[in-house]
Student: 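Below is one structure. I have some questions about it.
Within every chain, numbering begins at 1; the chains are lettered A, B, ... in the order of the sequence lines, protein sequences first and strands thereafter. No hydrogens, no waters, no symmetry mates; every other heavy atom, side chains included, goes into these values.
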There are 2 protein chains.
Amino acid sequence: MSRSLAALFDPASVAIVGASDDPSKWGNAVAVQALRAGDRRPIHLVNRRGGTILGRPAATSVSDIGEPVDLVVISVPATTFESTVDEALAIGARAIVGITAGFAEMGADGAARQRAIVERVRAANAVLVGPNCLGLVDNTTQVYLSSDRFTDGSVALLSQSGNLALELELRVAAHGLGFSRFVSLGNQADVNLVDLIEDCARHELTSAIAVYAEDFADGRGFAVAAAAAFGKPIVALTAGGGEASARSAASHTGALTSSADVVKAVCRDAGVHLVDTPREMAALLASLTTTRRSNGRRVAILTDGGGHGAIAADVAERAGLAVPVLPSHVQAAVADVLWSQSSVGNPVDLAGMGEQDPMSYANALGALLAADDVDGVLMTGYFGGYTAVEEGFGGGALASGERKAGAEIARLVAFYGKPVAVQSMYPGSPSCLAISTTGTPIFSAIEDAAASLAAVMARPLPRGFRSLPAADCAVTEVDYFSSRRLLAEAGVPFPPAVEVSDVDALRAAAASLDGPYVLKALHLLHKSDAGGVQVGIPDVEALVAAHASLHARLDAPSYSVEAMADLSDGIELIVGVKADPRFGPVAMVGLGGVYTEVLRDVQFALAPVPAGQAVDLLLSLRSAALLAGVRGRPAVDVEAAAEVIARITACAAAHPEIAEIEVNPLLVTPNGALALDARAVLY
Amino acid sequence: MSRSLAALFDPASVAIVGASDDPSKWGNAVAVQALRAGDRRPIHLVNRRGGTILGRPAATSVSDIGEPVDLVVISVPATTFESTVDEALAIGARAIVGITAGFAEMGADGAARQRAIVERVRAANAVLVGPNCLGLVDNTTQVYLSSDRFTDGSVALLSQSGNLALELELRVAAHGLGFSRFVSLGNQADVNLVDLIEDCARHELTSAIAVYAEDFADGRGFAVAAAAAFGKPIVALTAGGGEASARSAASHTGALTSSADVVKAVCRDAGVHLVDTPREMAALLASLTTTRRSNGRRVAILTDGGGHGAIAADVAERAGLAVPVLPSHVQAAVADVLWSQSSVGNPVDLAGMGEQDPMSYANALGALLAADDVDGVLMTGYFGGYTAVEEGFGGGALASGERKAGAEIARLVAFYGKPVAVQSMYPGSPSCLAISTTGTPIFSAIEDAAASLAAVMARPLPRGFRSLPAADCAVTEVDYFSSRRLLAEAGVPFPPAVEVSDVDALRAAAASLDGPYVLKALHLLHKSDAGGVQVGIPDVEALVAAHASLHARLDAPSYSVEAMADLSDGIELIVGVKADPRFGPVAMVGLGGVYTEVLRDVQFALAPVPAGQAVDLLLSLRSAALLAGVRGRPAVDVEAAAEVIARITACAAAHPEIAEIEVNPLLVTPNGALALDARAVLY
């Protein structure tokens, strides 16, 4: 059940506490903005000194307003923030926007004060944005509660940075886009990214959601909300990839699990477009705010120069699009409207025809869009130049021809409804602007055009997320045999093993197991690093000798004697689950041994991971071809491994008291999968 | 000895054959351009119909000019091109620019006609640019022989695409840059990229060379010329990465050697900046045309917003820069000029201080540039906004403060001489323009600023290239034992082996070698695919049995009996050399076995590869950590492997008659390296 944010985005009345006449103060800028809404709703300005502000009488306090107020914006010193919140709640505020800083971002004390405030807000059935935020705008309801004015449009921007929001506004404005809403996330003490995504997903006047977040707060909630919002595309920009890799944890799985990897995995599975820069974000929004989509990735490149075509083909492929040779009937249809010098294979290169008759751009595009074998078109090169710089050249015939071609291209794009993106040396030319009237994005850089097109052609589909299962009882012991038992009860197969602490028990254990044997010293922190594991012990006498040697060296309290698995034709996997502070239990799967250590060839997903998804994770490893068998080796049983991964990750996800758990190696052979070791750590 | 291109870039006189009054003709546009030079040198217009063109009397033919002409531009139908060249040479032309198309690009016939023309040009000691080109411009000598006008500047552009040249001009113009020269490469029948790079490297008014090439022509010459040009930076844009991977050759080495890999390797070793798009090319040129360089990669990020700083840090790291925590004395120096809210660790975040006093941007920058621990600065965020949009806000104080800060930043950059790049939401603002007066590049996108900075901070250094050694005599046989002998004579160590064709010889061979044995069936195309190799044969009787079994199955004409190498603690490498049509012999080294097949973890370099470079190639493999020993295995002798790689690649490079040669595996152990197999293919 998601929360109603109606009081935030369409309040009946607003008060701004800390409003000011001083133009260097935030409370001045926001009051100026708020009043732009005119008579839409009562706006009360509050300043402890009273008097008039912006020519209006100011109340000296919230209580002094004398009537109920729906939404209160608070920009006062931290020392009086709490009492102002109380006053606001007392006069019936259902929403508070906390500009004031000095809470959780300052450390434990601030966090405690913040928690106390949130409790009171929630007890009053109100909602709080911030504190430590820059305000909120809803252009669709004329709620202007930020120091900046944002161009109206259909993108909802949820951002932890004010300056990045300003940059994004400039960037999307270049594509005729603007914001339906802007929310500065601040500390996300109460209303967080999850609440806002849920609300914006329901918001009819929002066509896409843009997120800049450094802290995903309730990460799992974000994942679920984002996946559920599918249909309303989400583009996310985040930071921390570099820093995160430095924050490597002590344990093996931890060292590989950087939060950047987790965010990437979550966005992949939630169908969220994850980008690295504001420029990429704007490029994707330019196409995602249209309704044109394709389920195919086959792009035709249409150009007027060989160089542009070749570069575009490479860039498109790198963006995840396919640039196949066009089928001969499509080539024939395109050739039909061009001249003999033109190339029609793909890229389609007008090769001078555009200079003879600009309408040939439109004619070629029409032939391409009409073809079932073409899912979208990437147009690149000089188009636009004839109206931009060559008015008068050739008596203006080329310019007027190009203008007509632009209008015809706009018509064709609208008619066929397939994704089209344009790179032009003159994106602001009249003929390019004509094309953009249908929402076709025009870019100066080919990489932006390709990325924009790829977002609506090779788009991520949400996989959805399983909720966390509940276990019957909490785990309290995670020594080797306890961990094995826990996993074994969850259906993870292990070779037979017996715990022993003296030689007699060792001999008895050996008699009960088939050789060869494996002997492990237990209750050591890092078994294999300390040389505490011996494998391939052929018989009982060798086992006794191995035990004597190990015991002399390590003096371990006990040992595990195990029947050694047949390793021939087997491949070692690593499977781990580690609790992420934001996203909860995160699974990591990869090829084991040197592949993990040297190549870091691992994949992540939120736990629990169903078997079908585990197959996909395994097959998306760089070294996945090993699983299918190379150099004459048989293929291994990926489904069996995936089923075990599903059980391990479900087990871990059911036990929030486990900080991390790892099966390494998980042996997968042509006939099944077997866990050869287990290790867990409690909080 | 490089060729003199003086007659191209500063001819005493020029004739344009095919000059026209018809504005839709190339010969009109180029004549208009050429005449812009005024009286700098005689310009003769030639059209077979004579009369007047652009108000000047036109000659009816080259011969009709009546005086010697230094450079002749020819834009006539292909059928009369050849005779026009002859006429031009007859009146003493030392340079010809061939616009006319219809030669090598049309197939074998055209190529033959083109070769004949080049022979005559060379016999006359003249030079030819093109044919099938778009002309040539030297802004420094007022040679305007292209249909387009290019802004004057210091970048020499050598391009196989006219439209890309136009796009690049617009892009570099945004940074106040232009072209010293523009040469349309055309078919490179005579004058090629190599000649032009050599000439532009010597050209004092050229500060950087930009290349767009689809065909590197004399690729090895390109590599050598580019490396020799160091000091005059070269930025290369090329295409074909995607397509090339489809053109996979049949053999194993071939399948991995795509020409994109080779171009990448050559650029790396030649110190050439290889880019993927025109936008990236312009970003790099913006810094490379300045004189500011750094040998260190430590960048300080200066921002006025946390979001911009965080994104910039990630982008900078991805661009190859280091964003270390600043030493405490640098933090103290920066803190000294900022307020307490500012972050000074790195990124340095003014956190509102800029809004109080724009000069704090300059003050912080000064403190950073003064620090020995800072090699360069990446500034990002809102700077520029106060002059761009906020004139009047705060009584204009912020705008005028920002303008002063811009001037001070320009002074600081000039004073310290360290690389600085700026990303601004308002790159065209007066205060950003003030900064750019010192050549400091200003970008709208952070990824461009970071790439530009990385080009002058983490720049590639040329390694240089060995010339091809000459062998005493050509190889004519490349069966297994011939290939082994060839490489063994070059100093490549192999295990002892004897060729046998019957059981008696087999027994005799076994007696002469230590077991265990390896038995290989010879004269089969793919030994291991056909199961023609058996390893680990323990003794003579097992060897006889193995032979019988192999012979029954494969009926090979002969077999190799070999002493089996000790594989324990060994790692298998693959070493191959394959002749590239443009770059000559190209070496590939990589981890062998599944690493080659599954991970394509290979590196390329032009052969011969000296041992020192071979070490670098091996250590730059993704799985290089294996060589240093992981999971308790000892490190292998990388130097020994590198020495063998040097010998294999030198041997292959000395034999142009060998199309490809491969040693797979090359076993490297802690104690040395040993070639376990060899295979070669002649042309």
Student: With chain A, which of B/Arg279, B/Arg633, B/Gln160, B/Gln356 has the greatest number of heavy-atom pairs at distances under 4.5 Å?
Tutor: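 Maximum pair count with chain A is reached by B/Arg279.
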Student: If you measure from CZ on B/Arg318 to CG on A/Asp276, what distance do you get to the nearest 0.5 Å?
Tutor: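 B/Arg318 CZ to A/Asp276 CG: 3.5 Å, rounded to 0.5 Å.
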Student: Please look at A/Leu599 and chain B and tell me whether the side chain, the backbone, both or neither of the residue comes under 4.5 angstrom of a heavy atom of that chain.
Tutor: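 Contact with chain B: side chain only.
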Student: Residues two or more places apart in sequence or in another chain: which of them pass ring-ring contact (aromatic ring centres under 6.0 Å, His included) with B/Phe443?
Tutor: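 For B/Phe443, the residues satisfying ring-ring contact (aromatic ring centres under 6.0 Å, His included) (neighbours in sequence not counted) are B/His175.
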Student: Taking side chain as everything from C-beta outward and backbone as N, CA, C, O, which of these in B/Gln341 sits under 4.5 Å from a heavy atom of chain A? Side chain, backbone, both or neither.
Tutor: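 No part of it gets close to chain A.
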Student: Return the minimal non-hydrogen interatomic distance between A/Glu214 and B/Gly307, and the atom names on each side.
Tutor: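 Residues A/Glu214 and B/Gly307, closest heavy atoms: OE2-CA, 3.6 Å.
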Student: In terms of heavy-atom pairs under 4.5 Å, which option from A/Ser424, A/Ser623, A/Ser159 contacts chain B the most?
Tutor: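 Max contact count across the listed options: A/Ser623.
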Student: Calculate, to the nearest 0.5 Å, the distance between atoms CD and OG belonging to A/Glu355 and B/Ser24 respectively.
Tutor: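 It is 9.5 Å, given to the nearest 0.5 Å.
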Student: Can you tell me which portion of B/Leu170 sits under 4.5 Å from chain A's heavy atoms? Options are side chain, backbone, both or neither.
Tutor: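 Only the side chain of B/Leu170 comes within 4.5 Å of chain A.
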Student: Which of the residues B/Asp601, B/Thr277, B/Leu237, B/Val323 is involved in the greatest number of heavy-atom pairs with chain A at under 4.5 angstrom?
Tutor: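 It is B/Thr277.
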Student: Please name all residues satisfying side chain to side chain donor-acceptor pair (under 3.5 Å) with B/Asn163, sequence neighbours left out, ordered by chain then number.
Tutor: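 B/Asn163 satisfies side chain to side chain donor-acceptor pair (under 3.5 Å) with A/Asp304 only.
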Student: Counting only non-hydrogen atoms closer than 4.5 Å, does B/Thr303 touch chain A with its backbone (N, CA, C, O), its side chain (CB onward), both, or neither?
Tutor: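 The answer is neither part of B/Thr303.
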Student: How close do A/Ala310 and B/Tyr212 get, heavy atom to heavy atom, and via which atoms?
Tutor: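 Looking at all heavy atoms of both residues, the closest pair is CB-OH, 4.0 Å.
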Student: Please round to the nearest 0.5 Å and tell me the distance separating atom CG of B/Leu164 and atom CD1 of A/Ile311.
Tutor: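 Spacing of CG (B/Leu164) from CD1 (A/Ile311) equals 6.0 Å.
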Student: Flag the one option from A/Gly162, A/Ala624, A/Ser444, A/Ala313 with the top tally of heavy-atom pairs under 4.5 Å to chain B.
Tutor: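 Looking at each of A/Gly162, A/Ala624, A/Ser444, A/Ala313 in turn, A/Ser444 comes out on top.
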Student: How far apart are the closest heavy atoms of B/Glu167 and A/Met425, and which atoms are they?
Tutor: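 Looking at all heavy atoms of both residues, the shortest contact is N-CE, 3.2 Å.
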Student: For A/Glu169, is it the side chain, the backbone, both or neither that has a heavy atom under 4.5 Å from a heavy atom of chain B?
Tutor: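 Neither the backbone nor the side chain of A/Glu169 comes within 4.5 Å of chain B.
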Student: Between chain B and each of A/Leu166, A/Val315, A/Ile446, count heavy-atom pairs under 4.5 Å; write down the option with the most.
Tutor: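 Most heavy-atom pairs under 4.5 Å with chain B: A/Leu166.
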Student: Check whether B/Arg171 gets within reach of chain A through its side chain, its backbone, both or neither, counting any heavy atom under 4.5 Å.
Tutor: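 Contact with chain A is through the side chain of B/Arg171 alone.
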